[in-house]
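One structure is given below, encoded as structure tokens.
Scope of the values below: all heavy atoms of this structure, side chains included, with no hydrogens, waters or symmetry mates. First listed ligand is number 1; within each ligand, the first listed atom is number 1.
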Amino acid sequence: MLVREALAQAMRMLVEADVPSPGLAAELLLMHTLECERGELHSNSGRELSADLALRYFDDVTERLTGKPTQYITGHQEFWGLDFEVSPAVLIPRPETELLVEIVIELARGEPCRMVDAGTGSGCIALALASELSQAAIDAVDISEEALHVARRNAMRLGLAARVRFHCGDWLEPFLRENGEESFDFVVSNPPYVSQAELHSVQREVRDFEPRIAWGGLVDAEEVYRRLFAQAQKLLKPGGFAVVEMGYSQSAAVTKLLRQGWSEISVRADLASIPRAVIARKWTTTGHDATTTSAG
Ligand SMILES: C[S@@+](CC[C@H](N)C(=O)[O-])C[C@H]1O[C@@H](n2cnc3c(N)ncnc32)[C@H](O)[C@@H]1O
């Protein structure tokens, strides 16, 4: 069987099973089997695939038909141009989350600062920031020890292990316990935000394979934000920023939680024009009113 024939057959199987982005899945899985880049795959499309490689490839394609995300089969996902190892212990980093990294880089302006990534998962946000901001001291927290194993491995693989300190804990509790009051310039987080009411709209790839603690299914989706903002108020320096991702249509509900103690509240949209990130600044002095703006 030739490479192009294997691709075409895999495509047919994936389309028939209604797998989203079937062409991409067929290519990524074959790139994984052949350990090659996309360009090589196509320039060698007339190459013969050995029986052993074909068997491995179609085993992976069959696994994908069950709904298992391609990234859990290949064990990799790119984020901010970096290659992250992923396993079913962590959420697969999403491209829209790069917006948080972009915002923190803009606000930090390369100056020395201290930041924490709450709910780090694969470590993608903390490690992307570490790769860009050589002056930043970065902590990362997750409640899942298994997720932290993956994050620490990613830090090692990317040569950034000395740049990020990982902690196990309930949001920012580890720093509150250490009495780390008002020591951070940034609190950044992509928390689980899918509510129970939205469960019906969750793809089976997420529902059946990604860790529920990472994506939500929460009775009270706002409770996570309430806790995060309250802890961030205690830990941020005056003038420090909270930069937090939110779900589709959560913008009004999330910004409403930022009335007391915050100013310069703004919302930024992702590339699909969905309000995706909320930015809020801790009051520098008492008596400021919370002001809200929105930018695309
Ligand atoms: C939406 S995922 C984000 C992962 C990663 N930051 C990303 O953007 O791909 C949320 C993360 O929060 C973690 N988490 C859930 N509840 C937590 C809690 N109470 N304290 C700390 N982390 C928590 C989950 O384990 C998961 O890794």
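- Identified under the ring pair (Phe, Tyr, Trp, His ring centres under 6.0 Å) test for residues 42-87, with sequence neighbours left out: none.
- Note that CG of N190 and CD of E245 are 3.5 Å apart. Values are rounded to the nearest 0.5 Å.
- Screening residues 121-175 for ring pair (Phe, Tyr, Trp, His ring centres under 6.0 Å) gives H167-F175, F175-F184 as the qualifying pairs, with residues at least two apart or on separate chains.
- Counted by atom type alone, T120 and D117 present one or more donor-acceptor pairs between their side chains at under 3.5 Å.
- No hydrogens or angles considered: a donor-acceptor pair under 3.5 Å links the side chains of S195 and E198.
- Every residue was checked against the side chain to side chain donor-acceptor pair (under 3.5 Å) condition with K234, not counting sequence neighbours, and none meets it.
- Protein residues lining ligand 1, listed by chain and number: L91, P93, T97, G119, T120, G121, C124, I125, D142, I143, G169, D170, W171, N190, P191, P192, I213, A214 [non-hydrogen atoms, distance under 4.0 Å].
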